[in-house]
Asker: 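This structure is in structure tokens; I'll ask about it shortly.
In what follows, every chain begins at residue 1, and chains take the letters A, B, ... in the order their sequences are listed.
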There are 2 protein chains.
Amino acid sequence: MTPLSHRSPVPLDICHLAKAIEVIGDRWILLILRSAMFGVRRFDDFQQELSIPRTVLSGRLKALTDQGLLEKRAYKAQGKRARPEYLMTEKGQALQPVLIALTQWSDDWLADGAKPPMGFTHAGTRQHVKAAFVDEDGREVAADQMRLSLRR
Amino acid sequence: MTPLSHRSPVPLDICHLAKAIEVIGDRWILLILRSAMFGVRRFDDFQQELSIPRTVLSGRLKALTDQGLLEKRAYKAQGKRARPEYLMTEKGQALQPVLIALTQWSDDWLADGAKPPMGFTHAGTRQHVKAAFVDEDGREVAADQMRLSLRR
DNA sequence: CAGTATCCGGTCTGATACTG
DNA sequence: CAGTATCAGACCGGATACTG
């Protein structure tokens, strides 16, 4: 294969990665998911934490619920009136590995000497946990050993 | 902790994840990185594969090289005149786990019954490889065992 | 609180054309 | 090929106000 003219082995319109990018390839979407992963649930909390215009937040929350990444529910504290809250769905939580891998990339390549303000550990052993590739037997695979495989 | 009013444990301005989102939280940036991961190197190949306006592509490639994710070099085939090409730097390649994790998320949650058109395998064993979390001993850690840990 | 409405200025997008 | 130039229109960000 000459490097003169080269296209991706998978066309854009059937590429799952490309589909995912259409969903989460947006600054605000990602920032909202980050906050949600950290337990933020309410409109005004998102708004103040992110300094996001209310109209924009409104639109993004709609998109996120439409796509099933967040679920809008009524939360009722006893004695108080019900308030809406946005909770991560299972589908949304399934994005955690992506966000964690991204955090690590940032730690490694964007930190500029700064020690990471947070990390991830194993609930039981408290060992530090990192994103990696593993084969079917759970053994780690080095990045340079990864090969793309296509379906015919 | 009452769910009434809750903020993220790490402020936005020192959050490494938020920093990463500023870099890659853009549809075109991610699509370009996807193509680059698949071996696309040249301006017109990116342009045609992605149907991205040339001015936009120009800007994004500039941003990506400025940030050190891509490197612009001259490629010279023998007999032909030199042409520019954009290659992934080490920093850019380090994003692979993020893109692979995202691909898997899409396979699991966006596929809608469709079989994934691609996967990743180990170069030697040809076993299927997935993005996962491992502890310091290289053992896989389940998602629900992950805990956030903060620095004081 | 949790939104929707409105407005305005700026940036991005997308299309087309032009240049070395 | 690999871009830059130009341009109209869409969308976004930011501010403010209004409503249940």
Side-chain angles (χ1 to χ4, degrees), chain A residues 1-7 12-13 18 21-32 35-36 39-66 70-87, chain B residues 2-7 12-13 18 21-32 35-36 39-67 70-87:
Chain A
M1 172 69 73
T2 161
L4 292 177
S5 201
H6 177 78
R7 300 298 164 70
L12 254 199
D13 55 321
I21 291 172
E22 299 301 329
V23 175
I24 58 88
D26 173 87
R27 188 178 111 91
W28 289 124
I29 290 285
L30 287 168
L31 288 172
I32 291 169
S35 291
V40 176
R41 303 173 171 196
R42 308 251 302 273
F43 190 93
D44 275 25
D45 288 335
F46 285 114
Q47 197 276 316
Q48 288 174 48
E49 171 159 307
L50 300 176
S51 300
I52 178 175
R54 308 178 75 76
T55 41
V56 177
L57 176 57
S58 178
R60 293 299 198 282
L61 287 176
K62 207 150 298 180
L64 283 165
T65 50
D66 284 351
L70 295 183
E71 185 192 4
K72 184 177 184 176
R73 300 199 312 190
Y75 170 79
K76 217 171 73 48
Q78 68 281 48
K80 306 231 173 190
R81 76 172 186 282
R83 298 190 178 291
E85 62 175 0
Y86 296 88
L87 288 187
Chain B
T2 160
L4 292 177
S5 205
H6 177 77
R7 299 298 164 72
L12 254 199
D13 55 321
I21 290 173
E22 300 300 329
V23 175
I24 58 90
D26 173 86
R27 188 178 110 91
W28 289 124
I29 290 284
L30 287 168
L31 287 172
I32 291 168
S35 291
V40 177
R41 303 172 172 200
R42 309 248 304 273
F43 191 93
D44 274 25
D45 288 334
F46 284 115
Q47 197 276 315
Q48 290 174 47
E49 172 159 306
L50 300 176
S51 299
I52 177 176
R54 306 178 76 76
T55 41
V56 176
L57 176 58
S58 178
R60 293 299 198 283
L61 287 175
K62 208 150 295 179
L64 283 164
T65 51
D66 284 352
Q67 261 146 176
L70 295 183
E71 185 192 5
K72 183 179 184 175
R73 301 197 312 189
Y75 169 79
K76 218 171 71 47
Q78 68 280 47
K80 306 233 173 189
R81 77 172 185 282
R83 299 191 177 291
E85 61 175 2
Y86 296 88
L87 288 186

Asker: Provide the closest heavy-atom pair for A:L70 versus A:A36 in the form atom of the first, atom of the second, distance.
Answerer: CD2-CB, 4.1 Å

Asker: Side-chain N or O of B:R83 less than 4.0 angstrom from OP1 or OP2 on D:dA2?
Answerer: no

Asker: Just N and O in the side chain of A:K72: are any of them under 4.0 Å from OP1 or OP2 of C:dG3?
Answerer: yes

Asker: For C:dA2, take OP1 and OP2 only and decide whether either is under 4.0 Å from a side-chain N or O of A:Y75.
Answerer: no

Asker: Send over the distance from A:L64 CG to C:dG3 P, rounded to a whole Å.
Answerer: 13 Å

Asker: Take the protein atom CZ of B:F43 and the nucleotide atom C1' of C:dG20, then report the distance between them rounded to whole Å.
Answerer: 14 Å

Asker: What integer distance in Å separates A:L31:CG from D:dG13:P?
Answerer: 11 Å

Asker: What's the shortest heavy-atom distance between A:V40 and B:H6, and which atoms?
Answerer: CG2-O, 3.4 Å

Asker: So, OP1 or OP2 of D:dC12: does either fall under 4.0 Å of a side-chain N or O from A:W28?
Answerer: no

Asker: Just the rounded figure in Å: distance from C1' of D:dG14 to CD of A:Q47.
Answerer: 11 Å

Asker: Select base, sugar-phosphate, or nothing to describe what B:R60 touches, counting heavy atoms under 4.0 Å on all strands.
Answerer: sugar-phosphate

Asker: Could you check B:D44 against A:R27 and say which one's nearest nucleotide on DNA chain D is further toward the 5' end?
Answerer: B:D44

Asker: Given A:R41 and A:Y86, is the side-chain contact (heavy atoms from CB on, under 4.5 Å) satisfied, shown in steps?
Answerer: CA-CA 5 Å; A:R41 303 173 171 196; A:Y86 296 88; 5.7 Å; no

Asker: Would you name the heavy atoms of B:Q47 and B:R54 that are closest together and state the gap between them?
Answerer: OE1-NH1, 3.5 Å

Asker: Give the dot-bracket line for DNA chain D from 5' end to 3' end: parentheses for intra-strand Watson-Crick or G-U pairs under 3.5 Å, square brackets for crossings, | for inter-strand pairing, dots for unpaired.
Answerer: ||||||||||||||||||||

Asker: Classify B:F46 by what it touches in the nucleic acid, base, sugar-phosphate, or nothing, heavy-atom distance under 4.0 Å.
Answerer: nothing

Asker: Indicate yes or no for a side-chain donor-acceptor contact from A:T65 to the backbone of A:L61 under 3.5 Å, with no hydrogens or angles considered.
Answerer: yes

Asker: Checking side-chain contact (heavy atoms from CB on, under 4.5 Å) for the pair B:L87/B:Y75: CA distance, chi angles, key distance, verdict?
Answerer: CA-CA 10 Å; B:L87 288 186; B:Y75 169 79; over 6 Å; no

Asker: Separation of B:D26 atom CG from C:dC12 atom P, in whole Å?
Answerer: 9 Å

Asker: Between C:dG3, D:dG3, C:dC1, which nucleotide has the shortest distance from any of its atoms to the side chain of B:P84?
Answerer: D:dG3

Asker: Given the rule in the side-chain contact (heavy atoms from CB on, under 4.5 Å) test, do A:L31 and B:E22 qualify, once you have shown the distances and angles that lead to the verdict?
Answerer: CA-CA 9 Å; A:L31 288 172; B:E22 300 300 329; 4.1 Å; yes

Asker: Between the side chains of A:R27 and B:D26, is the shortest nitrogen-to-carboxylate-oxygen separation below 4.0 Å, so that they form an ion pair?
Answerer: no

Asker: Starting at CD of A:Q48 and ending at P of D:dA15, how long is that distance when rounded to a whole Å?
Answerer: 14 Å

Asker: With side-chain contact (heavy atoms from CB on, under 4.5 Å) as the test, would you mind laying out the steps for A:I32 and A:L57 before giving the verdict?
Answerer: CA-CA 9 Å; A:I32 291 169; A:L57 176 57; 3.8 Å; yes

Asker: Round to a whole Å and report the spacing from CG of A:L70 to C1' of C:dG3.
Answerer: 16 Å

Asker: Can you tell me the distance, in whole Å, between the CG atom of A:L61 and the P atom of C:dG3?
Answerer: 7 Å

Asker: Hey, mind stepping through B:E85 and B:R42 against salt bridge (Lys or Arg N to Asp or Glu O under 4.0 Å) and telling me if it holds?
Answerer: CA-CA 5 Å; B:E85 61 175 2; B:R42 309 248 304 273; over 6 Å; no

Asker: Tell me which residues in residues 50-58 of chain B put a heavy atom below 4.0 Å from DNA chain D, sorted by number, or none.
Answerer: B:R54, B:T55, B:S58

